[in-house]
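Notes for the one structure printed next.
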There are 2 protein chains.
Amino acid sequence: MAKTGRRPGPTETRAHILAAARAQFGAHGYDGATIRGIAGEAGVNPSLVHHFFGSKDQVFAAALDFPVDPGALVATILAGPRAQVGERLLRMFLALWGAPEPSKAFLALIRSVSTNEQAADLLRQFLERAVLGRVTEALGVPRLRATALAAHLVGLAMVRYVVRVEPLASAPDEELIAVVAPVLQHYLEG
Amino acid sequence: MAKTGRRPGPTETRAHILAAARAQFGAHGYDGATIRGIAGEAGVNPSLVHHFFGSKDQVFAAALDFPVDPGALVATILAGPRAQVGERLLRMFLALWGAPEPSKAFLALIRSVSTNEQAADLLRQFLERAVLGRVTEALGVPRLRATALAAHLVGLAMVRYVVRVEPLASAPDEELIAVVAPVLQHYLEG
DNA sequence: GTCTATAATCGGATAGAC
DNA sequence: GTCTATCCGATTATAGAC
């Protein structure tokens with residue numbers, strides 16, 4: 001029984017590169033990460049990265065195309081008593097940052113936002129459309145309050161996951177929820 | 001009347017370079033800013049930057065040694081009715097970001113935090129000692145709540161001054177205070 | 001004190017053999 | 001599909017003339 005036809009193919013390699021890219025962009029940001037570094041972590045030749053994605057920009061875009069459906073998230077957040085929307089929103093946020101794949105993409109995004117215009121646009125759009133637009137529309141929250149709420153979440157990400165300031169960095173989810181959820185709820189009740 | 005002796009000297013040049021450094025680090029972050037760019041903006045030769053400061057790291061450190069006395073800030077925040085500490089804290093924050101020199105230093109810091117360990121340490125220390133330490137000590141606020149409050153301020157800086165998401169980016173100070181100050185106050189009242 | 005010139009690296013991207 | 005070799009631009013940093 002001889003094997004014929006094409007062998008397993010490159011599908012695997014591409015995925016390796018993508019995973020390595022997420023890790024590198026997450027660790028060093030857009031500017032800090034290098035094609036060589038990504039290739040090194042993936043165990044392949046730097047040229048292959050170009051071969052599969054074309055340019056550094058495109059690798060970045062592919063790495064950020066996170067495995068998350070904003071629509072589903074919002075649906076989950078909105079499903080349930082209105083008095084606990086803040087808590088569900090925060091739980092969702094913490095769950096995303098706790099999951100391996102999305103957290104790497106988010107980390108890459110937030111690490112790159114400061115110096116990369118492309119990343120800043122992405123975050124702006126993500127906040128505007130995926131989160132603020134829908135939630136404010138559904139709940140009738142004034143735009144400014146919603147943006148302030150988003151700012152708090154961004155700050156939480158920065159302090160807890162990027163700069164890692166204690167005790168916020170190692171606080172258990174539940175403790176954090178007890179402290180922060182009421183504040184988010186307050187913003188939603190304008 | 002012939003001019004004799006040494007001319008005005010380098011004092012001025014050094015200050016020019018420092019101002020240019022603050023602007024460049026603020027605009028592009030640590031990694032994005034270049035010695036050449038700083039020298040260009042200051043109207044001097046790149047070598048001079050090395051001459052005065054030694055290395056890029058040291059220029060960065062000098063640029064971040066902001067013209068602000070944390071002790072005085074805290075004193076101002078604590079002076080007055082306890083029920084308005086949140087508001088005074090926020091006013092101070094907005095005033096600092098509104099002033100030209102400190103705002104450039106802060107921008108440089110926050111733009112560099114994501115990718116530069118030195119900057120991350122600096123922010124951590126600044127939050128810990130200059131702000132959290134003193135305020136929590138003086139008011140008896142639990143550490144976790146204080147850190148959450150700091151996170152909110154960091155997020156505000158990111159969204160309002162770095163990524164510039166509307167309507168938060170262009171909202172007048174007073175509107176912002178009306179929305180956000182009560183939240184800060186809530187954190188302070190455990 | 002200020003400049004020119006240049007050394008030493010490093011990173012992204014491409015060409016082309018296998 | 002995967003590799004080697006290489007080009008090209010940009011950057012930090014230094015040596016040394018004036």
Side-chain angles (χ1 to χ4, degrees), chain A residues 3-64 108 111-112 115-119, chain B residues 3-25 27-64 108 111-112 114-119:
Chain A
K3 290 187 183 177
T4 56
R6 201 177 86 186
R7 264 167 254 97
T11 342
E12 211 175 311
T13 309
R14 200 193 140 99
H16 283 345
I17 292 175
L18 207 55
R22 261 195 266 267
Q24 289 284 309
F25 283 125
H28 310 293
Y30 180 83
D31 295 303
T34 67
I35 300 271
R36 289 164 148 83
I38 293 169
E41 178 164 338
V44 304
N45 191 279
S47 309
L48 278 186
V49 181
H50 283 108
H51 180 263
F52 282 115
F53 297 96
S55 72
K56 188 178 178 181
D57 273 1
Q58 289 170 287
V59 187
F60 186 60
L64 284 188
R111 271 231 160 87
S112 307
T115 46
N116 188 267
E117 202 42 50
Q118 188 190 356
Chain B
K3 290 186 184 179
T4 56
R6 204 177 82 186
R7 266 168 251 96
T11 342
E12 211 175 311
T13 310
R14 199 194 140 98
H16 284 344
I17 292 174
L18 206 54
R22 261 194 265 267
Q24 289 285 310
F25 283 125
H28 310 294
Y30 179 83
D31 296 303
T34 67
I35 301 273
R36 288 163 145 81
I38 292 168
E41 179 164 338
V44 303
N45 191 280
S47 308
L48 279 186
V49 182
H50 283 109
H51 180 261
F52 282 115
F53 298 96
S55 72
K56 187 178 177 180
D57 272 2
Q58 288 169 289
V59 188
F60 185 61
L64 286 188
R111 271 231 160 86
S112 308
S114 312
T115 47
N116 189 268
E117 202 43 49
Q118 188 189 355

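Since the structure is predicted, the reported quantities are computational estimates derived from the model, not experimental observations. Letters A, B, ... mirror the listed sequences (proteins, then strands); counts begin at 1.
Within the structure, a side-chain polar atom (N or O) of T13(B) is placed less than 4.0 Å from OP1 or OP2 of dT2(C).
Across the protein-nucleic acid pair, E12(A) atom CD and dG1(D) atom P stand 13 Å apart, rounded to whole Å. Taking atom NE2 of H51(B) as the reference point, atom P of dC3(C) lies 11 Å away to the nearest angstrom. Rounded to an integer number of Å, the gap from CZ of F53(A) to C1' of dG1(D) is 14 Å. Between H28(B) atom NE2 and dT11(D) atom C1' there is a gap of 15 Å when expressed in whole angstrom units. Rounded to a whole Å, the CG atom of N45(A) is 11 Å from the C1' atom of dG1(D). Atom CZ in F52(B) sits about 17 Å away from atom P in dA13(D), given to the nearest Å.
Direction of the helix axis in the helix from dG1(C)-dC18(D) to dC18(C)-dG1(D) shifts by 10° between the two five-pair termini, rounded to 10°.
Between E41(A) and Q24(A), the closest heavy-atom pair is OE1-NE2, 2.7 Å. Across A21(B) and A63(B), no two heavy atoms sit closer than the pair CB-CB, 4.3 Å.
Inter-residue side-chain proximity for V49(B) and V59(B) is flagged as met; some heavy-atom pair is nearer than 4.5 Å. By the 4.5 Å heavy-atom criterion applied to side chains, D31(A) and T115(B) are not counted as neighbours. Proximity of F53(A) to L18(A): side-chain heavy atoms (C-beta onward) are separated by under 4.5 Å at one or more points.
Side chains of D57(B) and S55(B): a donor-acceptor N/O pair is absent below 3.5 angstrom, by distance only.
One distance of note links CG of N45(A) with CD1 of I17(A); it measures 9.5 Å at 0.5 Å rounding.
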### Message
So if I define the base as every atom that isn't primed, P, OP1 or OP2, how would nucleotides 6-18 of chain C read as a B/S/- string at a heavy-atom cutoff under 4.0 Å?
### Response
-----BBBBB---

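The aromatic rings of Y30(B) and F25(B) lie parallel to each other, with less than 30° between the two planes, well short of the 60° mark.
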